[in-house]
Participant: 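Dumping the structure here so I can ask a few things about it.
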Amino acid sequence: MSNAQIECRDLWKIYGANSQKAMEAVLKDNLTKEEVRDQFDCVLGVRNASFSVKEGEIFCIMGLSGSGKSTLVRHVNRLIEPTSGQIHVAGQRVDTMAEPELRLLRAETIGMVFQHMALWPHRTLGENVGFGLEVRDVPYEARREAAIKALEAMDLSGWIDHYPDQLSGGMQQRVGLARALAADPEILLMDEPFSALDPLIRRQLQDQFLELSAKLKKTTLFITHDLDEAIRMGDHIAIMNDGEIVQIGTPEEIVTNPKDDYVAEFVKGISRVSLVHAETIMEPLEGRAATNKTIQTGAELSAIIDCFLDDQEPLTVVDPDGNSVGHITIKAALTALRG
Amino acid sequence: MDLWDIFDKEWVPVGAWVEQFLNWVVSNFRFIFQAIKVPFDFVLSGLEDTLTGAPDLVMLAVITLVAWQAGGRRLGLISASCMLAIGLMGAWEESMTTLSIVLTCVVFCSIIGIPLGVVAAKRDRFWYVLQPFLDLMQTIPSFVYLVPIVMLFSIGNVSGVIVTFIYALPPVVRLTNLGIRQVRPDMVEAARAFGASKRQTLYKVELPLAMPTIMAGVNQTIMMALSMVVVSSMISVTGLGQMVLRGIGRLDMGLATVGGLGIVFLAVVIDRVSQSFGISARDRGHKKWYETGPIGFLRSKILKN
């Protein structure tokens, strides 16, 4: 992988005093989570996870609580030590890195946002945002300047000398984001950043973050327990269950082609109108004559349904060069909508 | 011997052992204990000379201003009236001696207790070892170690500080340990995630967040030190405690009452002042310490001109 910014290979995390022995046994006999717990008194946190995140993309990790997604993401900046496996971040090998380099990596290359904000209540917003620079002994003026810039980007300019508890929840999480961006890192780790907020504020922050992300092009690892959010935010989604990555794919792949019952269960309630595209549901032409009613490849299901509102004649799908590549009947469109 | 009354005989002569051990320590290692006395002596005599040597009214003003700075105008007024009452009762000199003993004790309890508490919070095993010692220090009747202390350190105010130190150390260790352990884990994790070293995390995040709890421990330590005042006067420590002891000895109720009231007033002042040091910035309305109290008052006057 040439342009992978984050890459984890065969990552395992087993908690407990006997983790090394448990690791060997798991590799040999392929034990389940329960067997590891009963035989070694260890908890299997992450099971053989491999994934890579390309530069500039948003990679969502989705799973229910206890599925190991927070554990997995903490391996990237090694807040949690892996039991086995390799971690590469921005061209550096993280799992074998020495403490000073690791601290530098955390301060300069990786910014992190936490579920419950984790802003320090005894520090002003300026001091919170400038912390990553402060621990590297950056002088006060430079820290202040970076903090002003980062807070400005989050529409919090006037608040620099206030304290976190004087802000609302949504504003606090914007401070969290500003803190992660202050050192201008290449990578953002976001651990359920919007889960603790109410739906309207969450939506606003998602939009604000997407806008910012399109501008800054930070490689982002985004944790969420909400598939809707994962689909909105992610270029790719990894679905986790019981410490294992079940499926990795684009939102469309996940929704249209769930790998197993677990993923299918998640996907059930998801609206497909903006996820499914013409080329996914079209059938081959097979000698049929192209109709006048055409639609471009890449058109969303919502646009296809619009075409069937007036009459129910099949649609012909054309690629950007004008060639007919397939056709869609109303039956196919409705089936795709139902899922 | 009758088997039913087996415990009539002393099987394990603990008392004799302790006495022998103590005599051996005194005759061979007394110089070590005399050396331990040096730093206590240094701080105590410095404080005592300052507090008793300064003119009474100057001290009254200083205490009032410190109280005002620490806890606002109301606390300044309360402290001024308490100290005034002590002065008017004729117990000023003694109260200054007691104050200097208590302050010395607090200084050493903090210097030793807070680091102990921090280490205990970081290492469970150390905490398990430390706990029984803290229990012992708190529960063993102070009369028991009064005699060995006198044998090792001789009598006087410095020995009084050491006796008080033993009794008053546990709360600050316990509450520092508790305070550090109670810091929200995601606060610590966030500090690490932004590249802070262990030391930076401790000084920039854990200690400030644990400060209200640590200050509650210091406050408890002060209160326990004050409660030792009368007991320690038995090894000829001067001050308010001695007034009480002498009053009891001579059945002079007046003298004992004056000493007792003095301790009460002094306790009120020290308790309130030390408590208000522990109030978090949030509850003070996010004002810096130099923006409030007499210093804030002066500062605003100067900045206006």
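Lettering follows sequence order; numbering is per chain, from 1.
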Participant: Highest number of heavy-atom pairs under 4.5 Å with chain B: which of A/M112, A/E99, A/E127, A/M117?
Facilitator: A/M112

Participant: Is it the side chain or the backbone of A/L102 that comes within 4.5 Å of chain B heavy atoms, both, or neither?
Facilitator: neither

Participant: Hey, would you say the A/F59 and A/F222 ring centroids sit under 6.0 Å apart?
Facilitator: no

Participant: What part of B/R192 is in contact with chain A, defined as an atom under 4.5 angstrom from a non-hydrogen atom: side chain, backbone, both or neither?
Facilitator: both

Participant: Go through A/Q115, A/E134, A/E108 and name the one with the most non-hydrogen pairs under 4.5 angstrom from chain B.
Facilitator: A/E134

Participant: Between B/K122 and B/F126, is NZ or CZ placed under 6.0 angstrom from the six-membered ring centre and within 45° of the ring axis?
Facilitator: no

Participant: State, yes or no, whether a side-chain contact exists between B/M137 and B/Y167 at a heavy-atom distance under 4.5 Å.
Facilitator: no

Participant: Checking A/R123 against chain B: side chain, backbone, both or neither under 4.5 Å from a heavy atom?
Facilitator: side chain

Participant: Supply the atom-to-atom distance B/L169 CG to B/C109 SG, rounded to the nearest 0.5 angstrom.
Facilitator: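 Answer for the CG-SG pair, B/L169 versus B/C109, is 5.0 Å.
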
Participant: Between A/P100, A/A118, A/A107, which shows the greatest number of heavy-atom pairs under 4.5 Å with chain B?
Facilitator: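 Ranked by contacts with chain B, first place is A/A118.
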
Participant: What part of B/T201 gets closer than 4.5 Å to chain A, counting heavy atoms only: side chain, backbone, both or neither?
Facilitator: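 Neither part.
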
Participant: What orientation do B/W68 and B/F297 show, parallel under 30°, tilted 30 to 60°, or perpendicular over 60°?
Facilitator: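 Tilted: the ring planes of B/W68 and B/F297 meet at 30° to 60°.
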
Participant: Classify the ring geometry between A/W120 and A/F131 as parallel (under 30°), tilted (30 to 60°) or perpendicular (over 60°).
Facilitator: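 A/W120 and A/F131: tilted rings.
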
Participant: Side chain, backbone, both or neither: which part of B/E189 has an atom under 4.5 Å from a heavy atom of chain A?
Facilitator: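 Backbone plus side chain of B/E189, per the 4.5 Å heavy-atom cut-off to chain A.
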
